[in-house]
Amino acid sequence: MKYLFHFSVTRFQFILFRFWVHIVMSYVFALWTFYVLYVEYKEVAAMRLRYLASENRRPDQFTVLVRNVPPDPDETVSEHIEHFFRVNHPDSYLTHQVVYNANKLAKLVQKKKSLQNWYTYYLNKYERTSKRPTTRTGFGGVVGTKVDAIDYYSSEVQKLSEAVTLEREKVLSDPKAIVRAAFVSFKSRWAAAVCAQTQLSHNPIIWLTEWAPEPRDVYWRNLAIPYFDLTIRRLLMAIALFFLIFFFMIPTAFVQSLANIEGIEKVFPFLTPLIETKSVRSFIQGFLPGIVLKIFLILLPTILMMMSKVEGFSSRSSLDRRSAGKYHLFLLVNVFLGSIITGTAFQQLKTFLHQPPTEIPKTVGESIPMKATFFITYIMVDGWAGIAAEILRIVPLIIFHLKNMFLVKTEQDREEAMDPGCLNFATYEPKIQLYFLLGLVYSAVTPVLLPFVIIFFAFSYVVFRHQVINVYDQRYESGGSFWPDVHRRLLIGLLISQLLLMGLLSTKNIEKSTIALLPLPILTIWFHVYCKGRFQSAFVRFSLQDAMTKDTLERATEPNLNLRAYLKDAYEHPVFKGRSHFESPLLVPDEENNTLVLTRRSS
């Protein structure tokens with residue numbers, strides 16, 4: 001009896017020691033994460049500052065985007081903007097470019113381009129075969145009246161050309177087509193930095209300024225949205241995102257229930273003989289949930305990007321950042337938390353309903369180790385599928401020949417087929433964040449998941465490094481401005497891993513474990529606040545000292561620089577490029593130096 005008691009005490013001490021090993025390792029991983037993120041944040045901030053100090057001259061360095069320009073009864077929008085900045089920035093204002101609502105014109109131009117491409121295709125086909133090709137006037141060229149293809153597309157292109165001309169003249173002559181926004185350029189970077197980072201009016205909701213995105217980064221369609229509508233749009237999209245995330249839990253929960261053989265036999269009893277087969281049973285439990293969930297997620301990034309566009313952001317980089325944030329939240333709630341919670345909640349619904357709120361985290365914590373197999377499968381299916389897709393891009397010749405065989409009709413199509421595209425930040429970054437979250441959660445709970453995460457990141461580093469350097473084109477230059485969002489989401493993952501570990505250990509009736517882990521979330525929040533105060537200003541503001549240094553250096557090296565000519569067409573809408581309608585009149589030197597500001601106001 002004494003020996004049995006001694007054995008029981010020894011066994012309890014061993015189990016207690018094992019739990020304390022988990023606690024110690026959670027501190028080790030947290031401190032290691034703090035160190036790596038701090039070093040990386042410091043290095044990225046230094047790289048950004050070096051880039052801003054050494055980059056070549058760009059239009060966005062001298063330009064700010066001004067929105068919500070107040071109406072004036074005596075002046076047009078363009079005259080009002082020029083008057084305001086000549087009065088309030090008399091020594092630094094250079095020129096401005098008003099924004100036109102040319103969305104309809106842009107659609108007509110794009111449609112004309114598509115029809116012109118079909119016309120070229122049929123013309124080339126006729127030259128090769130000496131036989132007049134035919135097409136149908138209905139949808140997709142497969143329904144409707146059969147007509148001569150060359151004559152049909154020639155007439156359609158002619159009609160659209162006339163429509164484009166009429167719409168262009170309408171936009172130019174209609175004062176209502178001018179949006180209450182403009183790109184305002186200054187004579188120096190210093191003046192632009194002052195304007196972009198200060199409040200221009202005592203009324204905080206008018207004359208709103210922000211750094212202008214570089215010209216290739218501008219999303220012209222959203223500039224036509226009235227500023228007041230942006231708040232309403234973003235509220236509606238926030239509500240829509242809430243319903244999208246939490247109503248998506250229903251199919252996610254159903255997918256996770258497929259891993260429960262008993263549950264699927266209850267729903268589909270006629271499949272019982274097939275399910276009891278060993279190979280089918282292994283496939284259902286191991287691979288089917290991950291595969292079906294992947295199918296659900298295929299169209300999600302496109303939907304989230306459309307929602308971000310509806311919100312009205314004025315640059316492609318802002319759209320990518322917002323879409324990445326939505327996608328990260330979706331993956332966090334549905335793929336990670338949904339996979340942990342719903343699989344047990346559907347099986348223990350009655351228990352959940354009768355449990356006090358303090359017991360639910362314990363039930364959730366108990367399910368974490370059981371989901372390790374599912375997440376290993378998810379990494380293998382989702383992560384390696386993404387890497388395989390990127391590896392295919394390493395051999396662009398194969399992709400080009402496939403496109404050339406099925407899609408290319410003209411030289412324009414061939415140029416588009418050779419376009420490698422760009423890195424889809426809004427899709428890849430949230431997925432990588434999810435894998436990092438899985439590594440943090442299971443690092444101190446079920447370390448068997450770590451080798452899969454490490455191997456995935458090792459291959460991803462090799463593949464994506466090659467893609468970014470040698471394959472992808474760059475749609476815009478962010479200068480590392482996305483890093484604060486990445487850093488914040490990494491710390492959110494670390495915080496979630498700590499809370500889940502506390503919930504898991506609280507199920508083992510070891511009260512001291514929860515107390516021992518309490519400092520970790522507090523340290524994580526403090527670390528985030530410290531890094532934000534220490535580094536984030538380098539990503540949202542531009543130093544006046546650096547701006548003045550670059551201006552002084554440029555004046556010394558290029559004293560005859562004609563900055564007005566350099567900025568004249570930089571922020572012209574693409575559908576108006578090359579036309580003289582939008583050229584601002586060049587001011588003579590006497591007018592530039594005149595302290596009096598001409599105005600048509602009666603007051």
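In what follows, every heavy atom counts, from backbone to side chain, and hydrogens, waters and symmetry copies are set aside. Counting begins at 1 with the first residue of the sequence.
- With sequence neighbours excluded, no residue satisfies salt bridge (Lys or Arg N to Asp or Glu O under 4.0 Å) with Lys111.
- Among residues two or more places apart in sequence or in another chain, the side-chain contact (heavy atoms from CB on, under 4.5 Å) test is passed with Ser154 by Tyr119.
- Every salt bridge (Lys or Arg N to Asp or Glu O under 4.0 Å) that Arg50 has, sequence neighbours left out, goes to Glu43.
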Name the atoms and distances for all side-chain donor-acceptor pairs under 3.5 Å in residues 228-248, with sequence neighbours left out.
unit_1	atom_1	unit_2	atom_2	d
Arg233	NH1	Val310	O	2.8
Arg234	NE	Glu311	O	3.2

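- Evaluation of the ring pair (Phe, Tyr, Trp, His ring centres under 6.0 Å) rule for Tyr51 yields no partner, not counting sequence neighbours.
- Within the structure, salt bridge (Lys or Arg N to Asp or Glu O under 4.0 Å) pairs that include any residue of residues 532-552 comprise Arg189-Asp551 (at least two apart or interchain).
- Using cut-offs of 30° and 60° for the angle between ring planes, the His89 and Phe186 rings count as perpendicular.
- Within the structure, side-chain hydrogen bond (donor to acceptor under 3.5 Å, both in side chains) contacts touching residues 201-220 (residues at least two apart or in different chains) are Glu214-Arg216, Asp217-Ser317.
- For Tyr41 and Phe535, the ring centers sit closer than 6.0 Å to each other.
- Applying the salt bridge (Lys or Arg N to Asp or Glu O under 4.0 Å) test to Asp151 and every residue at least two apart in sequence or in another chain returns Arg132.
- Not a single ring pair (Phe, Tyr, Trp, His ring centres under 6.0 Å) links Tyr227 to another residue, sequence neighbours left out.
- The ring pair (Phe, Tyr, Trp, His ring centres under 6.0 Å) test applied to Phe425 returns Phe482, not counting sequence neighbours.
- Taking the ring pair (Phe, Tyr, Trp, His ring centres under 6.0 Å) definition, one finds that Phe527 meets it with Phe34, His487, sequence neighbours left out.
- With sequence neighbours excluded, no residue forms a salt bridge (Lys or Arg N to Asp or Glu O under 4.0 Å) with Arg180.
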